[in-house]
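Read through the structure below, which is laid out as C-alpha cells, and then see the notes.
Each ligand, and each atom within it, is numbered from 1 in the order the structure gives.
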Amino acid sequence: MDEYAYDRMRREQWLAGEARAEGVDRRTLLRMLAAAGAAGPVLSAVGGAGVARAASPVPGIVKPLPAEWFVPRGTNAEMRWDSVAGTGYHTPTERFFVRNHTSTPLIDPAGWRLRLTGGGLRRGDVEFDLAALRRLPSTRITALVECAGNGRSFFHSQQGRAVPGTPWTLGGVGSASWRGVRLAELLHRAGLRRGAVDVMPSGLDPEFVTGGLSLGRVRRPLPLAKALDDVLVAYEMNGEPLTPDHGAPVRLVVPGWIGIASIKWLGTVEVSTEPLYSPWNTDFYRLFGEAYPEGGSAPIGGQVVKSAFELPWGATLEAGRTHRLTGRSWSGSAAVREVEVSTDGGTVWHRAHLLDRPRKDGWVRWSYDWRPERPGGYQLRARATDRRGNTQPVATVHNREGYLFDAVVAHPVTVARPTAGQAAS
Ligand SMILES: Nc1nc2c(c(=O)[nH]1)N[C@H]1C(S)=C(S)[C@@H](COP(=O)(O)O)O[C@H]1N2
Ligand SMILES: [Mo]
C-alpha cells in the first residue's frame, strides 16, 4: 500500500467534499493550508495543556535526558549518534529519540481501554483492556521509527538555506523490537463491514494547539489495506512494557511510514466507511519550493536513504594510527545494499564492511578502518545505496519545510599529531 498515492487521493477527495475531516472545520483547514502554502509550516508552533516538568531539559518528557545522550529540541529530544556505538542493533529505550507534539501523558494502565469505533464495524464499538490485549496472539517485529524532518538542519548548515521547524541533525530515528497484537487481529475480532475504507488511530496526549487553534488529538488516518497488512498495536519495546515517552501503555507501529503514523498513547481507532482526512495527513508533509508545483508537491511518502557516523561532531583522531570508524545506514523503501566511505571530500569512495545482514524496516551497522597520516581537518562522508538503487546524492533538492534530507552528510574531524607519550604505541 503506497502511502504517497493514498494521501494524495484522500486530499483530493477532501477538497472535493468527499472525505470527512473530523475535529477541525473545513474553512479553518483551508485557511491553514493556504497559509502553509504561503508562509511556512503550520505545525511548528506548539501549545498544548501538558504538565511542564521543570527538572527536565525538555519539559513534557519524563525520562532522564543526559546531555551525553540527547540534544533537547523544543518539545523533543534528539538522539546523539556519538553515544550509541556498541549499544547493539536496537536503540536502547532510554536512548531512543522522543518526538512529542505536546507532552508525555501519564496513563494508568489499569484504567486504559482501547476503543474500536465507527461505522465500519459490523457489531458496533468494541473495547479491549490491557489484559485482554495481552491474551491475544502476539507478534514481534523490528521497525525503525523516523521523523519526517530527520536531517533537516543540513539544509541550512550544508546547503546554505535555512528551513523552519525542529532542526534535527540525524538523530530523529531509532530502531526497536516491538511486541503486540496485529491491528488486523483486532479489526477482525471487532468485525469489519464490507464498506470499511479508512482507519483513524488517535492519541490520548493533550490536544495540539497552534496559532490559537486546537487541531484536536494527534491522529492520522491509514488505509484499511495498510492497517490489515503489517501494523502493530504494540505494548512492548525492546522486550519491556512501553515507557511513558514512547507511548505507554500502547502505541501503534507502522513499519516503513514516517514517524507520525506510529501514534503513541493509543486511545481509539475509528473504522470508517467514508474516506477520512486529518491535519496530520500530508498537507503538512508536502514539499514546497521552486522545484515543486505552485501549491506544493503531492504528499510525501516513505523515508529516504541516510547514513550516520557514530562519532562526535568535530572529533579529534590521532595521525598515524588505524581508527575503526563505525556507523549505520537505512532506507525507508528497501534493505541497504552497500555503504561507501570517503575521507577526501568525496573523490575516492571505499566500501564499508557491513556488520549486519541488510533487511527492510531495519538499518545496517558498518565499519571502515581509516589510517590518516597527515594532521589537519578532514570531512568524513558515508553514502548508502538500497536494493532498489536509491542512493544518497551530493545535495537534496531544496524544499521549504526541510523534509526528507537524504544527501551525504560531511562529518568534520580533526586529525592531530600524536602526543609524545603515545608516539611509540
Ligand atoms: N499521540 C501522539 N503520537 C505520536 C506523536 C505525538 O506527538 N502524539 N508524535 C509522532 C511523531 S511526529 C513521531 S516522529 C513519532 C516519534 O516516536 P517516539 O517519540 O517514540 O520516538 O511518534 C509519533 N506519534
Ligand atoms: Mo515526526
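Residue S262 approaches ligand 1 through these ligand atoms, each under 4.0 Å from one of its heavy atoms: 22 (O), 23 (C), 24 (N). If you number the atoms of ligand 1 from 1 as listed, the ones under 4.0 Å from a heavy atom of N100 come out as 7 (O). Atoms of ligand 1 found under 4.0 Å from any heavy atom of G203, numbered from 1 in the order shown, are 1 (N). Atoms of ligand 1 found under 4.0 Å from any heavy atom of F96, numbered from 1 in the order shown, are 21 (O). Close approach of ligand 1 to V98 (heavy-atom distance below 4.0 Å) involves ligand atoms 19 (O).
Listed by first and then second residue, the salt bridge (charged side-chain N to carboxylate O under 4.0 Å, His left out) pairs involving residues 235-248 are R134-E236 (not counting sequence neighbours). For residues 213-243, no residue pair satisfies the ring-ring contact (aromatic ring centres under 6.0 Å, His included) rule, not counting sequence neighbours.
Between E270 and R219, no side-chain nitrogen of the basic residue sits less than 4.0 Å from a carboxylate oxygen of the acidic one, so the salt-bridge criterion is not met. Classification of R337 and D386 as a salt-bridged pair fails, no side-chain N sitting under 4.0 Å from a carboxylate O. For R161 and E290, the salt-bridge test passes: some basic side-chain N is under 4.0 Å from an acidic carboxylate O. Look at R351 and E338 and you find a salt bridge, because one of the NZ, NE, NH1 or NH2 atoms lies within 4.0 Å of a carboxylate O, short of that distance. E340 has a carboxylate O that lies under 4.0 Å from a charged side-chain N of R383, or vice versa, which qualifies the two as a salt bridge.
Considering backbone and side-chain N/O atoms, V218 never comes within less than 3.5 Å of an N/O atom of ligand 1. Residue contacts with ligand 1: K264 is placed with a nitrogen or oxygen under 3.5 Å of a nitrogen or oxygen of the ligand (distance criterion only). Annotation: R99 places an N or O atom under 3.5 Å from an N or O atom of ligand 1; distance criterion only.
Note that R80 lies outside the cation-pi zone of W69, set by a 6.0 Å cut-off to the ring centre and a 45° limit from the axis.
Under 4.0 angstrom from ligand 1, the non-hydrogen atoms of W265 all belong to its side chain. Under 4.0 Å from ligand 1, not a single heavy atom of R217 appears. Under 4.0 Å from ligand 1, not a single heavy atom of A148 appears. If you look at D205 next to ligand 1, the close heavy atoms, those under 4.0 Å, all belong to the side chain. Neither the backbone nor the side chain of F208 comes within 4.0 Å of ligand 1, counting heavy atoms alone.
The heavy atom nearest to atom 5 (C) of ligand 1, out of those in E146, H101, M237, is found in H101.
Centroid-to-centroid, the aromatic rings of F309 and W366 come within less than 6.0 Å.
Distances from ligand 1 to the non-hydrogen atoms of G174 include no value under 4.0 Å.
L170 contributes atom CG, which lies 7.0 Å from atom CH2 of W313 (distance to the nearest 0.5 angstrom).
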